[in-house]
K.L.:
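Once you've had a glance at the structure underneath, I'll fire off some questions.
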Amino acid sequence: MNARTPEFNLISEWILPNSRVLDLGCGDGTLLHHLKKTRQTTGYGMEIDPEKNIVAISRGINVIQSNLNSHEICDYFDEDSFDFVIMTQAIQVVSRPDLLIDEMLSVGKEAIITFPNFGHWRNLSRLFFQGRMPQNETLPNPWTNPANIHLCTFSDFEDLCDEKDIAIVERKVVNAQHQPSIFPRLSPNLLGEIALYRIKRKTKAPSNETFA
Amino acid sequence: MCSSDLDFDNNLSLALAKATAHFLVISFTSDWRFAPERSHEIVKALLDNDAAVSYAEVDSQHGHDAFLLPNAHYEGIFRAYMQRVLSDVTPEESS
């Protein structure tokens, strides 16, 4: 059990048994290991960190060492190779989240993305009342740490999906302990700390049979 | 060069289609004889066949000899993978 386990449990509720899964930024392979055991999934992880790769391999995970910013996912995998492409708590650290989402929905039929909400009221109040960048449980790094370079709010993310003609199949908004309390449901963008999105392309293959 | 070049239509994915083994591919960044780009092609061909494959790209300045020299990343990956092989062939001990 580690700090991410509650999030991984929420994700696995969405994964159908025997699915093919690609986990981007898979770390030490905890999630894939969990899905393999509980959902009999197959597939791969991609991760840049050598030490995490070593742990993932020792767990029996097939991991491809790769930099998510090099946009080689579509070189490695054909279209619709996976039932789910997952990326947990990583969209805010990549250089082009928009391109990565395109890649995810190219090689995967669906994508699952989780990230911390920059628009949570605690973050806003720290900015507003103290004039300082948020630093807390879901955003632990000080502003000088370059890890989180593309922080966004739930509304920002949903606008991006809208622009890209991406459908939000399901959304779970939870607090920092990954518990779905009543408050995130009332006003997700203000009261939710972490969101899990399940998305897919509205029109996967452009059809010729549309009414012209 | 010779007729064997035409086996499998020069298609690496096709050539590896029958392979049932599990694979670990390791490349070294400064090796220009077996460059990482070529290893990417091997990995890609294995992925085309949904093979069990892991890939590591080891940072090293020692070029083609890198695999002969101590390197924590290389040794860590190799050790972890070989331990996996060991537990695959002796399942009763690993459980």
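In the text below, chain A, chain B and the rest are named by the order of the sequence lines, each starting its count at 1. This one's a predicted model, so the numbers in the text were calculated from it and none came from an experiment.
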K.L.:
Would you call A/Ile57 and B/Met82 a side-chain contact if the rule is heavy atoms closer than 4.5 Å?
P.N.:
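They are not in contact (no side-chain heavy atoms under 4.5 Å apart), so the answer is no.
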K.L.:
More than 12 heavy atoms of other residues, nucleotides or ligands under 6.0 Å from CZ of B/Phe23: yes or no?
P.N.:
yes
K.L.:
Top residue by heavy-atom pair count (under 4.5 Å) with chain A, among B/Ala52, B/Ala56, B/Ala72, B/Ala45?
P.N.:
B/Ala52
K.L.:
Does any backbone or side-chain atom of A/Arg20 lie under 4.5 Å from a heavy atom of chain B? Answer side chain, backbone, both or neither.
P.N.:
side chain
K.L.:
Using modelled atom types only, decide if a donor and an acceptor are shared between the side chain of B/Arg84 and the backbone of A/Arg59 within a distance under 3.5 Å.
P.N.:
no
K.L.:
Please examine the side chains of B/His40 and A/Tyr76, heavy atoms only from C-beta on, and report whether any two atoms are closer than 4.5 Å.
P.N.:
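A/Tyr76 reaches B/His40 side chain to side chain.
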K.L.:
Measure distances from A/Ile61 to the heavy atoms of chain B and classify the residue's part below 4.5 Å as side chain, backbone, both or neither.
P.N.:
backbone
K.L.:
I'd like to know whether CD of A/Glu51 has more than 12 heavy-atom contacts from other residues, nucleotides or ligands below 6.0 angstrom.
P.N.:
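Counting neighbours around CD of A/Glu51, 12 or fewer heavy atoms of other residues, nucleotides or ligands fall under 6.0 Å, so no.
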K.L.:
Under a 4.5 Å cutoff for heavy-atom pairs, which residue among B/Val25, B/Leu47, B/Val58, B/Val43 has the most contacts with chain A?
P.N.:
B/Leu47
K.L.:
Does any part of the side chain of A/Tyr44, heavy atoms only, come nearer than 4.5 Å to the side chain of B/Tyr55, both counted from C-beta?
P.N.:
no
K.L.:
Tell me every residue that passes side chain to side chain donor-acceptor pair (under 3.5 Å) with A/Thr114, counting only those two or more places apart in sequence or in another chain.
P.N.:
A/Glu7
K.L.:
At a heavy-atom separation under 4.5 Å, does A/Glu72 approach chain B through its side chain, its backbone, both, or neither?
P.N.:
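Side chain only.
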K.L.:
Under 4.5 Å, heavy atom to heavy atom: which of residues 62-71 of chain A reach chain B? Give them by number, or say none.
P.N.:
A/Asn62, A/Val63, A/Ile64, A/Gln65
K.L.:
Please state whether the side chain, the backbone, both or neither of B/Gln83 comes within less than 4.5 Å of a heavy atom of chain A.
P.N.:
neither
K.L.:
Drop me the distance from A/Asp78's CG to B/Ser13's OG, to the nearest 0.5 angstrom.
P.N.:
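If I round to the nearest 0.5 Å, the distance is 8.5 Å.
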K.L.:
Non-hydrogen atoms of chain A under 4.5 Å away: do they reach the side chain of B/Asp50, the backbone, both or neither?
P.N.:
both
